[in-house]
Amino acid sequence: MDTLGLLVLGSGVAGLSAAVRAADVHHMRVGVLTKGELQQSTTRWAQGGVAAVLGGDPDSTDLHLADTLTAGAGLCDLEAVRVLVDEGPARVNELIAMGAMFDQDERGEYLLAREGGHSHARILHAGGAATGVEVERALVEAVKKSAAVLLERTFALDLVVDAGRCVGVRALDEHGERIEVRARNVLMATGGGGQLYAVTTNPLEATGDGMAMALRVDAAVADVEFVQFHPTALHHSSMPRPLLSEALRGHGALLRGANGEQFVDELQPRDIVSRAICAQLQADGSDHVWLDATVLDSFDHRFPTIRTALDKVGLDPATDWLPVAPAAHYCCGGVVGDLDGASSMPGLWVAGEVACNGVHGANRLASNSLLDGMVFGPRVVEAIDAGKDSADATGAMRCVLGSHDGAGVPGRRIEPVPIDADTTSGDGGDTAAERDRFQRMMFADAGVLRDHSSLASAIDDAVEVAHRPVSDVASAELRNLATLGAAVVTAAQLRTETRGAHTRTDHPEADDDLAVRLVITGD
Ligand code: FAD
Ligand code: SIN
């Protein structure tokens, strides 16, 4: 295969937005490598929508910026958020021009929803709460027309590094054969790692592969302790948990404890609502609270896909209160990138949930993730086209390279947990059973609520699992989950405070000295 100009790892909103721009606008030779079918991604599961201010008064990009900063609990990078809210509307309009259809009223005006932490209704949605399906559909159609190479069912195992530069990936192809794919630039857009936890909204493929690959080559990774738990996943045994979109609360659904009383302002940012639910669970001695959507009119019309999901488990939102509990949902941290997605390793770029570019801080604002991918994926392409080749001290990268003007969130380097990079083959036993056990351990010991002793017991377990032999995709995913898990636990141990999505029951307050990014990097 001829060397590619850009190899994109992953086919969610971030990777595909970049691939389409690189091929269509800049005529790069682009390859997309993805571990499932092209449309397989967390993006496809997105419900509530895309937050973007398409019109003016009374809403504004300044208000979107302010809401994002408030939700981020002191760790957002102001410049990165400015980029997100200012460039977002144009990227959304490009997606619409590509064919994505968002819900409109009978006059053709976009219907806008409100979600937790947003001061205004500014969230575009499609199919009620099936926004991800539409976003992914439009992008997959576009990339099929433009990318030179599409490698589906191909699992990226590790980055290929030559003289300190990322030059490609080693992968397992669809027949299980080891291959190497080379490119001048590699964009990692492999999404998050919600599968770290036994209770999650994330699909099975969200195994933190990109972050683990980055950790193995010592690319800087930060903010990983901030795993966001969505407050209202349906309390049910299925994996992943069916999500009951925050848009339901935006439309007036209420949270109630065991006795039916309301216990929290439902439209606060997610970290606050999830913490309040955990306190209520303890007070009630229960494993769920109630989401009361009986007050909503036209539920079936506004949220048809959620209605279908509820039908399947025998619940009627018109009459039944819906049992809910927090579930792992989003990785706020990841591989550190500057404002153009350049990582600390030349040749390696990052965008989307795998990245830590500074827009989400300690807690992502609802519906800012699809927007993040749409904005920062294409920025990588623009930077490569302009000749950029290494990171500068902008966005979250300030935590690695330092800040010349004192702006941005400073970094504090933490040691990586030693995990051998070399993979040995061999029989690791029952991988599925071990994954299940590990996920339960992480949920119990490093979940919504953590403390010193729970984290201390989690770390050895994670390191041991990360050393299991790798022989196929399942065992490689488990190694990646454990590698990411070890990083999450290490950072969570050192963050002796409660901030955003990170709650330490033994340190219930925020600590000003910890208004820093904890950065894991080898050297
Ligand atoms: P993804 O969409 O996860 O794509 C990653 C891609 O990388 C996938 O194609 C995957 O198969 C591939 N990949 C991963 N590892 C490898 C590997 N080793 N080799 C090859 N390929 C690999 N956000 C919002 O903004 N609004 C919402 O309404 C919303 N609702 C959500 C609802 C649910 C149920 C969930 C789970 C999340 C929701 N989110 C929402 C979050 C949002 O969907 C994700 O954060 C976002 O889609 C991530 O996009 P991405 O492109 O970074 O990654
Ligand atoms: C939801 O619809 O509640 C999910 C939105 C998000 O994760 O941004």
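Each ligand, and each atom within it, is numbered from 1 in the order the structure gives.
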For ligand 1, list the protein residues that place a heavy atom within a distance below 4.0 Å of one of its atoms, sorted by chain and number. Gly10, Ser11, Gly12, Val13, Ala14, Leu33, Thr34, Lys35, Gln40, Ser41, Thr42, Thr43, Trp45, Ala46, Gln47, Gly48, Gly49, Thr154, Phe155, Ala156, Ala189, Thr190, Gly191, Thr201, Asn202, Asp209, Leu243, His329, Tyr330, Gly352, Glu353, Arg364, Ser367, Asn368, Ser369, Leu370
Cut-off 3.5 Å, side chains only: do [X] and [Y] have a donor facing an acceptor?
| X | Y | answer |
| --- | --- | --- |
| His64 | Arg122 | no |
| Ser369 | Asp372 | no |
| Ser119 | Asp67 | yes |
| Glu353 | Thr42 | no |

Taking side chain to side chain contact (heavy atoms under 4.5 Å, CB included) as the definition, give me every residue that meets it alongside Leu111, ordered by chain and number, with sequence neighbours left out.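 Partners of Leu111 by the side chain to side chain contact (heavy atoms under 4.5 Å, CB included) criterion, ordered by chain and then number, come out as Asp103, Asp105, His125.
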Salt-bridge test for Asp59 and Arg114: reply yes if a basic N is under 4.0 Å from a carboxylate O, no otherwise.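 No.
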Is it true that Arg270 and Glu246 make a salt bridge, defined as a side-chain N closer than 4.0 Å to a carboxylate O?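 Glu246 and Arg270: salt-bridged.
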Would the distance check show the side chain of Gln47 and the main-chain N or O of Leu243 forming a donor-acceptor pair, the cut-off being under 3.5 Å? yes
Which pairs with one or both residues in residues 334-344 pass side chain to side chain donor-acceptor pair (under 3.5 Å), sequence neighbours excluded? Asp338-Lys388, Asp340-Arg379, Asp340-Lys388
Show the distances, to 0.1 Å, for all pairs joining an N/O atom of ligand 2 and a protein N/O atom that are shorter than 3.5 Å, listing one pair per line.
from	atom 1	to	atom 2	distance (Å)
ligand 2	2 (O)	Gly48	N	2.8
ligand 2	2 (O)	Ser245	OG	2.7
ligand 2	3 (O)	His230	NE2	2.7
ligand 2	3 (O)	Glu246	N	2.6
ligand 2	7 (O)	Arg270	NH1	3.0
ligand 2	7 (O)	Arg270	NH2	3.1
ligand 2	7 (O)	His329	NE2	2.7
ligand 2	7 (O)	Arg364	NH2	2.9
ligand 2	8 (O)	Arg270	NH2	3.3
ligand 2	8 (O)	Arg364	NH1	2.8
ligand 2	8 (O)	Arg364	NH2	3.4
ligand 2	8 (O)	Ser367	N	2.6

